[in-house]
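Here the structure comes first, spelled out in structure tokens, and everything after it is commentary.
Along the sequence shown, residues are numbered consecutively beginning with 1.
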Amino acid sequence: MNLKVSSTFTFDLEHDADALLQFEAAATPEQRVIEASTQIVGHETMSRVPAEDDIGERIWIHAGGRVEVHYEAELDIARDLVLLDALAPVAPPRLPGSAVKFLLDSRYCHAAQFVDFTDAQFGHIPVGGARVAAIRDWVASHVAYVPGASGPGTTASDTFHSGEGICRDFAHLFVTLARASAIPARYVACYAPGVTPQDFHAVAEVFLADPLRPYEGRWHMVDATGMADLKHAAIIGVGRDAGDVSFLTSFGPMEFVSSVVYVARCAGPSEGRDEALGAGQAIAA
């Protein structure tokens with residue numbers, strides 16, 4: 001079963017400035033882009049650059065005034081999910097170099113502050129998939145999903161103390177606690193069926209053993225909100241935290257106007273009609 005996604009967002013730049021966008025689903029071994037269309041109205045110049053870890057692309061634009069972005073795509077996603085609980089860890093000295101940075105503190109995820117907490121809360125659980133599952137369940141039970149409860153500057157520490165947030169905050173706190181347990185964890189921006197209200201969604205990935213290759217590791221997806229259908233989620237990009245994979249980063253004064261995101265599992269010709277899962281509503285900034 002394929003996935004159809006679309007996103008439309010609008011913003012106003014106070015004067016000519018650069019902006020960095022990342023909103024297109026990435027082409028990866030697990031997700032094939034069947035067709036896609038991107039329209040950006042209001043830009044003066046545009047160029048593409050590889051995104052973090054070469055997963056997806058970022059788009060640079062230079063513009064002034066109103067900018068409207070329209071994106072549609074259909075994807076064939078073939079992702080095998082495994083039960084986390086039985087997965088072994090990959091010891092830090094055996095990690096590939098590309099995974100090491102995801103053990104370290106980042107702008108929104110200050111893992112060093114939580115080493116004592118994770119040891120006290122999860123120290124009785126072996127490091128590996130069982131620890132990851134316990135952290136996921138702890139975040140899910142201790143953070144309430146409250147739209148509008150956080151802002152662009154909210155850190156994992158803020159969410160830990162407030163006990164509320166949106167998907168971005170769930171992902172940041174999960175990533176922070178996993179790193180504090182010496183488990184590489186990274187932030188993942190995606191389009192995901194099952195999310196309510198539908199919007200750009202944030203989950204995480206952890207680097208644990210590959211069950212098919214016992215002496216190797218690979219990335220495994222985790223959603224602490226529990227909303228996303230991870231098997232059919234379309235990854236946009238990955239990073240140390242939201243700062244690396246924001247769908248819109250402006251390098252000048254900017255007012256965000258609105259966005260609409262739509263995600264639907266798309267049946268083939270013999271499987272019937274599309275099954276819409278959470279059509280997005282316009283969100284005024």
Parallel, tilted or perpendicular: rings of [Y] and [X] (30°, 60°):
X      : Y      : value
Tyr71  : Phe23  : perpendicular
Phe170 : Tyr145 : tilted
Phe247 : Phe200 : parallel

At what distance, to the nearest 0.5 angstrom, does [atom1] of [X] lie from [atom2] of [Y]?
X      : Y      : atom1 : atom2 : answer
Leu173 : Ser162 : CG    : OG    : 9.0 Å
Thr10  : Glu255 : OG1   : CD    : 11.5 Å
Arg32  : Ile34  : CZ    : CD1   : 5.0 Å
Gln121 : Asp116 : CD    : CG    : 13.0 Å
Lys4   : Leu75  : NZ    : CG    : 11.5 Å
His70  : Ile40  : NE2   : CD1   : 10.0 Å

Measure the shortest side-chain to side-chain distance between [X] and [Y] over non-hydrogen atoms and say whether it is less than 4.5 angstrom.
X      : Y      : result
Val67  : Val41  : no
Ile135 : Ser181 : yes
Val69  : Thr8   : no
Cys109 : Arg186 : no
His220 : Val82  : yes
Cys266 : Glu74  : yes
Val238 : Val245 : no
Leu21  : Arg58  : no

Check the surroundings of atom CZ in Arg48: do more than 12 heavy atoms from other residues, nucleotides or ligands lie under 6.0 Å from it? yes
Neighbour count >12 (heavy atoms, 6.0 Å) for atom CG, Leu81: yes
Tell me if a side-chain donor or acceptor on [X] pairs with a main-chain N or O of [Y] at a distance below 3.5 Å.
X      : Y      : answer
Ser246 : Gly243 : no
Asp137 : Ala134 : no
Gln31  : Ile235 : yes
Gln198 : Ala192 : yes
Asp210 : Arg218 : no
Arg107 : Asp244 : no

Give every donor-acceptor pair under 3.5 Å between a side-chain atom in residues 85-103 and any protein atom, sequence neighbours left out.
from   : atom 1 : to     : atom 2 : distance (Å)
Arg94  : NH2    : Tyr215 : O      : 3.0
Lys101 : NZ     : Glu52  : OE2    : 2.7
Lys101 : NZ     : Asp53  : OD1    : 3.0

Under the side chain to side chain contact (heavy atoms under 4.5 Å, CB included) criterion, do Gln22 and Ile59 qualify, and how do the steps go? CA-CA 6 Å; Gln22 190 173 358; Ile59 300 175; over 6 Å; no
If hydrophobic clusters are built from ILVMFWY residues whose side chains come within less than 4.5 Å, do [X] and [Y] share one?
X      : Y      : result
Ile166 : Phe160 : yes
Phe207 : Ile55  : no
Phe9   : Ile236 : yes
Leu248 : Val5   : yes
Leu177 : Tyr108 : no

Are Phe122 and Val127 close enough, and set up right, to give a side chain to side chain contact (heavy atoms under 4.5 Å, CB included), and what steps lead you there? CA-CA 9 Å; Phe122 308 109; Val127 172; over 6 Å; no
On a heavy-atom basis, which atom in [X] and which in [Y] lie closest, and how many Å separate them?
X      : Y      : answer
Asp223 : Ala202 : OD1-O, 4.1 Å
Leu13  : Ser250 : CD2-OG, 3.4 Å
Val139 : Ala224 : CG1-CB, 3.9 Å
Ser6   : Glu72  : CB-CG, 3.8 Å
Gly123 : Arg131 : CA-NH2, 3.9 Å
Pro193 : Leu3   : CG-CD1, 3.5 Å

Side chains of [X] and [Y] only: does a donor on one sit below 3.5 Å from an acceptor on the other?
X      : Y      : result
Thr38  : Glu24  : yes
His232 : Asp229 : yes
Asp169 : Thr154 : no
Asp18  : His62  : yes

Before we go on, tell me: are the rings of His201 and Tyr191 under 6.0 Å apart, centre to centre? no
Salt bridge (Lys or Arg N to Asp or Glu O under 4.0 Å) with Asp12: which residues, sequence neighbours excluded? Arg66
Give the C-alpha distance, both sets of side-chain angles, the deciding distance and a yes or no for side chain to side chain contact (heavy atoms under 4.5 Å, CB included) between Glu68 and Val257. CA-CA 10 Å; Glu68 297 179 358; Val257 178; over 6 Å; no
In sequence, state the C-alpha distance, the side-chain angles, and the governing distance for Leu230 and Val203, and then conclude on side chain to side chain contact (heavy atoms under 4.5 Å, CB included). CA-CA 9 Å; Leu230 294 178; Val203 299; 4.1 Å; yes
Relative to Phe114, does Arg179 satisfy both conditions: NZ or CZ under 6.0 angstrom from the six-membered ring centre, and within 45 degrees of the ring's axis? no
